[in-house]
Q: 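Once you've had a glance at the structure underneath, I'll fire off some questions.
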Amino acid sequence: MKKTAIQDLFAEIKSTHNPGKIATYIPELAKVAPHQFGMYYQPVSGTGFGLGDHKQPFSIQSIAKVFSLTLAMQLEGEALWQRVDVEPSGNPFNSLIQLETEHGIPRNPLINAGALVVCDVLMSHLSSPQADLLQFIRDVTGLPQLSFTETIAHSEDETGYRNRALINLMRDFDNIKNPVEEVLDLYFHLCSINMTCQELAQGFQYLACHGRRSLGGETLITTSQAKRINAIMQLCGFYDEAGDIAYRVGLPGKSGVGGGIIALRPDQYTIALWSPPLNPKGNSYYGMKFLEEFTTLTGTSIF
Ligand code: GLU
């Protein structure tokens, strides 16, 4: 992996016009300075490196849904798949359309409806859901300083009409078992975590290392669970742009409306990108462009 080639690619992308639009439906996200762009590359063995604004914390939003899914798979096992499917949705992340026709069973755990069901499952298992989920995320990422960001959680709560519509529809289909406002509160907090590119790349190493903290290191989840989470990320991690990401990038990953993207090549590396302006599908414009060129340059698409 040639560092100078990656530096050149980063500089080249940064110099191009960015037609993306920052997410404004969560008022706190609308305040973020749009020109920021960071990248961190972390190989499974050896030292990583960052470029641009890689030390700047940002709202990881839906990227955190991978952590809640990891915990729910551990706690609920195969029974989880009776409550949520593993199919790409082909629809925007907050769409209500399929939920009605598919009887309140979300297409996958990484769209909003699916993540709300996952939060409901967690609430049924955990005695202090917020504290326990946060502790799990700290443990699995190896980042004990992580915390929820109350201003973001509050901002989402204030404008969370669509998430309220989703959860109430699922409650009507009996696919939400706990009080809807409590499940929403856990969900909004989950989406409120701030991380840097460096922390994200470090925190997702367990999925590049077959469920271990590092190759051959401490086991966090089983090999099979890691494989399945990667499969779900490949098919469902980039909103309704999953086909395009498989075609152009060829890595499992997850994006968030804060403009962050985590992607990984099992056995090789994790890579985190952040640039707030989003393309029409809701993925970071620069982030997607970088990843496409990056896997071509390095020959590391999984296909
Ligand atoms: N908290 C955001 C929402 O519920 C997450 C969206 C995302 O990053 O995909 O709308």
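Numbering of ligands and ligand atoms starts at 1, following listing order.
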Q: Which protein heavy atom lies closest to atom 7 (C) of ligand 1, and at what distance to 0.1 Å?
A: Ser62 OG, 2.6 Å

Q: Check each heavy atom of Glu156 against ligand 1 and say whether those closer than 4.0 Å belong to the side chain, the backbone, both or neither.
A: side chain

Q: Under 4.0 Å, heavy atoms only, figure out whether ligand 1 is touched by the backbone of Val257, its side chain, both or neither.
A: both

Q: Looking at ligand 1, does Tyr239 have a heavy atom less than 4.0 Å from it?
A: yes

Q: Taking non-hydrogen atoms only, is Asn163 closer than 4.0 angstrom to ligand 1 via side chain, backbone, both or neither?
A: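 Side chain only.
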
Q: Determine whether the aromatic ring centres of residues Tyr269 and Phe204 are separated by less than 6.0 angstrom.
A: no

Q: Could you tell me how the ring of His54 sits relative to the ring of Tyr40: parallel (under 30°), tilted (30 to 60°) or perpendicular (over 60°)?
A: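 Plane angle between 30° and 60°, so tilted.
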
Q: If we only count N/O pairs under 3.5 Å, is Tyr187 in contact with ligand 1?
A: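 Between Tyr187 and ligand 1 (N or O atoms, distance only) the closest approach is under 3.5 Å.
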
Q: Do Gln42 side-chain atoms and Gly46 backbone N/O form a donor-acceptor pair below 3.5 Å?
A: yes

Q: Checking a contact table here: which protein heavy atom is nearest atom 10 (O) of ligand 1, and how many Å away?
A: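 Going atom by atom, the protein heavy atom closest to atom 10 (O) of ligand 1 ends up being Tyr25 OH, 2.5 Å.
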
Q: Could you pull out the closest heavy-atom pair between Asn108 and Ser89, with the gap in Å?
A: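 Looks like ND2-N, 3.8 Å.
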
Q: For ligand 1, find out whether one of its N or O atoms is nearer than 3.5 Å to an N or O atom of Gln61.
A: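 In this structure, Gln61 places an N or O atom under 3.5 Å from an N or O of ligand 1.
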
Q: Please determine if Lys289 forms a cation-pi arrangement with Phe294, meaning its NZ or CZ atom is less than 6.0 Å from the six-membered ring centre and no more than 45° off the ring axis.
A: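 Not satisfied by the 6.0 Å and 45° rule.
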
Q: Of all the heavy-atom pairs spanning Gln205 and Arg213, show the shortest one and how long it is.
A: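 Heavy-atom minimum between the residues: CB-O, 3.9 Å.
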
